[in-house]
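Encoded as structure tokens, the structure appears first; notes follow it.
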Amino acid sequence: MVTVACGRGAPRVVDVRQADPAPATTPEAPGPSVPGTIVDAGTGRIDTGTGSSDTTSADTTPTEDASADGASEDAPTGEASTGAAGVSRSTSAGDPRMPDLGSDDLDVEHYDVDLRFEPDLTGVEGTVTSSVTLRKRTDRLAFDADGLDVIDAVVDGAPADFRVDGRELLIDLAAPSEAGASLTVEVTYRAAVADSAWSWDAAGLFAGADGVWSVNEPDGLSTWMPVSDHPTDKATWTFDVTVSDGLTAVANGRYVGTTAGDGVATWHWDQDEPMATYLVTMLVGDYALVDGGTSATGVELAHAVLSDSQDALDGYREVTDRQLSYFTELFGPYPFDRYGLALADSLPGLAMETQGLSLFSVADLDGSLGPLQHLLLAHELAHQWFGNAVSPESWNDIWLNEGFATYAQWMWLEEAGIGTVDGYAGAALGAMGDCLPLSRPCELFGPLVYEGGGAAAHALRLTVGDDAFFAGLRAWIETYLDSAASTADLRAVMEQASGQDLSQFFAEWVDSTTPPTGFPAPSGS
Ligand SMILES: [Zn+2]
């Protein structure tokens, strides 16, 4: 994800939560300035398990019970316990940053999503059928379902008792099931579409003038779908989305077809590559599905564009193809079957790397191709490798997404003749002050994670040399494709690629609360 401030003059890094954003810290790059600069993306909330949505402490520990009202006698969220039947119970993946999310009891293999939007698009009724494998013996399943009106739950064809406890949906099994068991869980529910077009401290499903769009990072999907809402639990997906005649519904993956109904149509999409929950997209409106052919690197290109903005897409076909070639050379093969641009009625300045179909605002991608468009297109495409193919094991690892997408964005800007990597990295050092350490940033989507993460990537490149750096990045994608990995995993991959002990590098650049004083001298390689 990236958000940009399109101000006058020199680029600025802005924390949008400051009333009077201070001009500050970065990319005052040599050469032409970039008028789009990264700002805090705003959803850096940390769920403390108390329902608060704007806490910024990085030291949250999984000690709070989501059922803070005391209604539950079961295990605190984020912790395992042993139930009366001697079975393990846990309602979270144990993420130290966002301790409510996910589930340690189950692994979702596939989601079959059936959504039916109300004609006025103010709400949606859904049935989500999850194919799960149990990780341990349990008599209860937990899904994230933040504010959903759950109507019904069915397990393996039989009605099941359920209750909503805080942001958790807890479904009782008729009898304990063993680790390794496969279950089919069908949940029917209603959810609202937010009637405002994005708020800086929320993620989820939003209504714009031209329909519905979504940004779900980090935990927005569970506000409109019951899921195991953590990037360590990837799954394949099918989407069947019913909307009024005249509207188009767009989701991730391959467009399969449309089934006509009585005044409605159901749009079918198949995402058969593993995908994290926060990378789900949903667009409803007057969209055209545009066949973009095949890239020079052999990637199928399939776009979704508001019908009255189709001309704008023509401004980005060539640059997207060139970026695909450029990043493929650096990072290895594009990790999915297809890529596309979604040009939507979303918030100007906001872009999101929804898997295989990055989301942009038509206000930003208006057909022109300047530094802002280069930046946005490069950043979200790079995320397909950094974040989507390999997702963060914990939300504390978010710099592995944003730092490397920012670094790739700098490389592309240099390639396009807009500044230099050295210039961007040098300016970004100023972001490595407050909010450290990078491995536990005080803000999930603050300047440290983007600019500081990019600077750390640059320092790593200087430390190990170009050959080892890019070999390491390619090994990173190959090793952890379709899964999640941690900062420690990156260190191991880079040590393997370089033959160096990188403990000092990670101590200084990633785990330290003291800002680095300058970049290391380039490796002799
Ligand atoms: Zn990003």
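In this chain, residues are counted from 1 in sequence order. These numbers were taken from a predicted model, which means no experiment stands behind them. Every number for a ligand or one of its atoms is a count from 1 in the order of the listing.
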Legend entry - Count of N, O or S atoms belonging to protein, less than 2.8 Å from the Zn ion (ligand 1): 5
Inset, instruction - Any chance you could lay out the side chain to side chain donor-acceptor pair (under 3.5 Å) test for Asp422 and Thr420, step after step, and finish with the verdict? - result: CA-CA 5 Å; Asp422 282 342; Thr420 66; 5.7 Å; no
Legend entry - Ring centre gap for Trp509 and Phe519 strictly below 6.0 Å: yes
Inset, instruction - Kindly say whether the aromatic ring centers of Phe331 and Trp476 come within a distance under 6.0 Å. - result: no
Inset, instruction - Assess whether ring-ring contact (aromatic ring centres under 6.0 Å, His included) is satisfied between Tyr287 and Trp267, documenting all intermediate values. - result: CA-CA 12 Å; Tyr287 284 88; Trp267 296 74; over 10 Å; no
Legend entry - Results of ring-ring contact (aromatic ring centres under 6.0 Å, His included) for Tyr339 - residues two or more places apart only: Tyr334
Inset, instruction - Answer with yes or no whether the side chains of Asp144 and Ser222 bring together a donor and an acceptor at under 3.5 Å. - result: no
